[in-house]
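One structure is given here, and the rest of the page talks about it.
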Amino acid sequence: MENNDDEMQIKELESDIRTLRKQLKAKVQQLKTLKKHFQKNCINKLNNNEIARYSRQIILSEIGVQGQLKLKRASVLIVGAGGLGCPSALYLAGAGIGRIGILDYDEVELTNLHRQLLHTEASVGLTKVQSAQAYLEELNSQIEILTHHVQLSSDNALQILQPYDIVVDATDNVATRYLLNDACVLLKKPLVSGSALQLEGQLTIYNFDGGPCYRCLFPNPPPPETVTNCGDGGVLGAVTGVIGALQALETIKIILGNAGVLSGRLLLFDGQQSTFRNLKLRTKKADCAVCSDNASLTELIDYEQFCSMKATDKDSHLNLLASHERITVQEYKRLADGNVPHLLVDVRGANQFQICQLPTSINVPIDDILKNRRTTELTRMVSEGGNVPVFVVCRRGNDSQLAVRHLLELFKEQGLQPPRDIVGGLHAWTHNIDPEFPIY
């Protein structure tokens with residue numbers, strides 16, 4: 001009988017807690033609504049909370065009360081809630097930007113957490129914009145945080161960017177860079193553009209104060225196989241933090257109308273040596289397709305087609321080989337299980353090879369193959385093995401295609417079987433063959 005009473009009491013308490021949580025959630029939302037209403041009615045003055053909160057920057061002669069009011073009235077859209085967008089959003093919210101928009105199509109993953117510090121372990125599985133909004137609203141309830149859980153495209157870009165004063169490009173792919181550039185030029189908005197890869201970062205401002213736009217410098221996109229994002233090349237989180245914080249700084253300077261904005265200049269950061277360099281960029285191009293007086297591009301185009309690559313920083317898939325030059329992970333598994341003699345070449349870097357590798361694979365990094373440093377060694381191994389078939393694997397199935405394409409002619413000249421790459425690489429192996437195989 002006593003156990004039944006305890007069980008009933010537990011259920012009652014759990015029910016009470018659920019009710020209180022619902023009430024708390026409703027009260028929090030009510031408070032947010034009241035604060036937003038209060039802020040809109042006090043756009044031309046600072047309340048006591050704001051004076052205390054921003055006092056350390058208000059006392060700067062470069063900001064003052066009028067500068068803080070400019071920040072309060074400003075609106076900034078951050079495109080990308082990742083390694084660059086998180087620190088940028090953090091410092092813009094801290095500085096008191098009145099309205100901050102966060103745009104990202106993705107969800108939080110464990111691999112994000114070493115650099116995307118608005119997200120936590122509890123955020124894994126949530127949308128990035130939802131996670132970022134929750135963190136920023138905890139930091140500063142005096143400002144408005146808007147979210148756009150959508151992939152930016154030519155169909156929605158102008159509508160989404162229009163209400164904001166400044167756009168921060170915190171993305172990691174070429175197609176979106178061209179899209180943001182063209183949209184900002186058409187809407188006459190400055191674009192604060194940052195990038196980070198491995199131990200290096202870059203930062204500049206496009207379409208501001210008579211300076212060049214992205215197309216002025218790069219009229220044509222690079223070949224897809226030459227583009228590396230942080231998912232492929234790696235990045236140190238602190239480097240993205242440096243560039244993201246500097247993006248926030250440049251945004252604040254633009255809002256305040258302060259001197260020294262990085263328009264027409266490119267800032268280069270070397271995290272290995274902890275050095276900064278400033279390069280002067282070429283001036284605005286007189287015949288630029290989008291920002292010149294006689295622009296040929298007056299509306300947004302299909303940027304994935306223009307760049308021959310996806311407008312996403314997720315797994316990118318090159319298609320450089322014909323189907324007969326490739327093999328699926330399932331086909332390779334059957335071959336390996338059947339003990340068919342072959343050579344498996346893993347073209348990842350040595351540091352990645354140490355993380356995980358398939359049985360019997362040998363490591364010949366892609367750079368060594370493309371520069372013909374170890375191709376003689378490879379052909380000798382194949383010949384000595386009796387002209388065994390060669391299969392090439394990498395992390396995602398991109399570098400393996402580059403390696404096969406480079407080796408095809410060499411193998412043909414020496415009468416060897418043409419090498420084939422494994423479609424989707426080690427990621428495909430984890431997803432389709434062995435879910436316990438490490439993925440990174």
To the nearest 0.5 Å, tell me how far L266 CG sits from R282 CZ. 12.0 Å
Taking every heavy atom of L186 against every heavy atom of L300, the minimum-distance pair comes out as CD1-CD2, 3.8 Å
Using a 3.5 Å distance criterion without hydrogens, assess whether the side chain of S193 forms a donor-acceptor pair with backbone atoms of T204. no
Check the surroundings of atom NZ in K285: do more than 12 heavy atoms from other residues, nucleotides or ligands lie under 6.0 Å from it? yes
Looking at side-chain heavy atoms only, is the closest gap between Q198 and V235 below 4.5 Å? no
Less than 3.5 Å apart, any donor N or O on the side chain of D169 or Y214 sitting next to an acceptor on the other? no
Quick one: is the NZ or CZ of R215 closer than 6.0 Å to the six-membered ring centre of Y178, and within 45° of its axis? no
Polar side-chain atom of D165 near backbone of S75 as donor-acceptor pair, under 3.5 Å: yes
Distance in Å, S123 OG paired with L110 CG, rounded so as to fall on 0.5 Å steps: 11.5 Å
More than 12 non-hydrogen atoms from neighbouring residues, nucleotides or ligands closer than 6.0 Å to CG on N278, yes or no? yes
Spacing of CG belonging to L69 relative to CD belonging to E50, to within rounding of 0.5 Å: 8.0 Å
Non-hydrogen side-chain atoms of F353 and S361 separated by less than 4.5 Å: yes
Within the structure provided, determine whether L320 and V404 are in side-chain contact (heavy-atom separation under 4.5 Å). no
Rounded to the nearest 0.5 Å, what separation is found between the CD1 atom of I327 and the OH atom of Y332? 8.5 Å
Does the H149 side chain pair with the main chain of T127, one donor and one acceptor, at a distance under 3.5 Å? no
State, with a plain yes or no, whether a side-chain heavy atom of E331 is found less than 4.5 Å away from one of I422. no
Distance (rounded to the nearest 0.5 Å) between Q162 CD and I160 CD1: 12.0 Å
For the backbone of L426 and the side chain of H431, can you confirm whether one donor and one acceptor N or O come within less than 3.5 Å of each other? no
Is the shortest side-chain heavy-atom distance between P163 and R99 below 4.5 Å? yes
Around atom OH of Y135, are there more than 12 heavy atoms of other residues, nucleotides or ligands at under 6.0 Å? no
Minimum-distance pair of heavy atoms, taken over all atoms of C213 and C288: SG-SG, 3.6 Å
Is there a donor-acceptor contact under 3.5 Å from the side chain of N432 to the main chain of A428? yes
Enter the distance from Y206:OH to S263:OG here, rounded to the nearest 0.5 Å. 10.5 Å
Any donor-acceptor pair under 3.5 Å linking the side chain of K189 with the backbone of Y164? yes
I'd like to know whether OH of Y91 has more than 12 heavy-atom contacts from other residues, nucleotides or ligands below 6.0 angstrom. no
Only one of L92, I252, V192 passes side chain to side chain contact (heavy atoms under 4.5 Å, CB included) with V76, and that residue is L92
Test applied, side chain to side chain contact (heavy atoms under 4.5 Å, CB included); reference residue, F276; option that passes from L203, L268, L246: L246
According to the side-chain hydrogen bond (donor to acceptor under 3.5 Å, both in side chains) rule, which pairs have a member within residues 236-258, sequence neighbours left out? E250-K253
For Q130, does its backbone N or O pair with a side-chain atom of T147 as donor and acceptor, under 3.5 Å? no
Has the side chain of Q68 got a donor or acceptor atom that lies under 3.5 Å from a matching backbone atom of A95? yes
Do you know the tightest heavy-atom contact between L256 and K70? O-NZ, 3.4 Å
With a 6.0 Å cut-off (strictly less than), is the heavy-atom count around CG of N294, excluding the residue itself, greater than 12? no
Over 12 non-hydrogen atoms of neighbours within 6.0 angstrom of CG in D293: no
Taking every heavy atom of V185 against every heavy atom of V290, the minimum-distance pair comes out as CG1-O, 3.4 Å
Are the side chains of I143 and L136 in touch, meaning some heavy atoms are under 4.5 Å apart? no
Do the side chain of H119 and the main chain of E109 share a donor and acceptor less than 3.5 angstrom apart? no
Using modelled atom types and a 3.5 Å cut-off, is there a donor and acceptor pairing between side-chain atoms of R115 and backbone atoms of V239? no
Does any part of the side chain of L113, heavy atoms only, come nearer than 4.5 Å to the side chain of T120, both counted from C-beta? no
Please name the pair of heavy atoms, one in G233 and one in L197, separated by the smallest distance, quoted to 0.1 Å. CA-CD1, 4.3 Å
Do N181 and Y303 have a side chain donor and acceptor closer than 3.5 Å? no
Which heavy atom in S400 sits nearest to a heavy atom in D421, and how many Å separate them? OG-OD2, 2.7 Å
Is there a side-chain contact between L46 and K72 (heavy atoms, below 4.5 Å)? yes
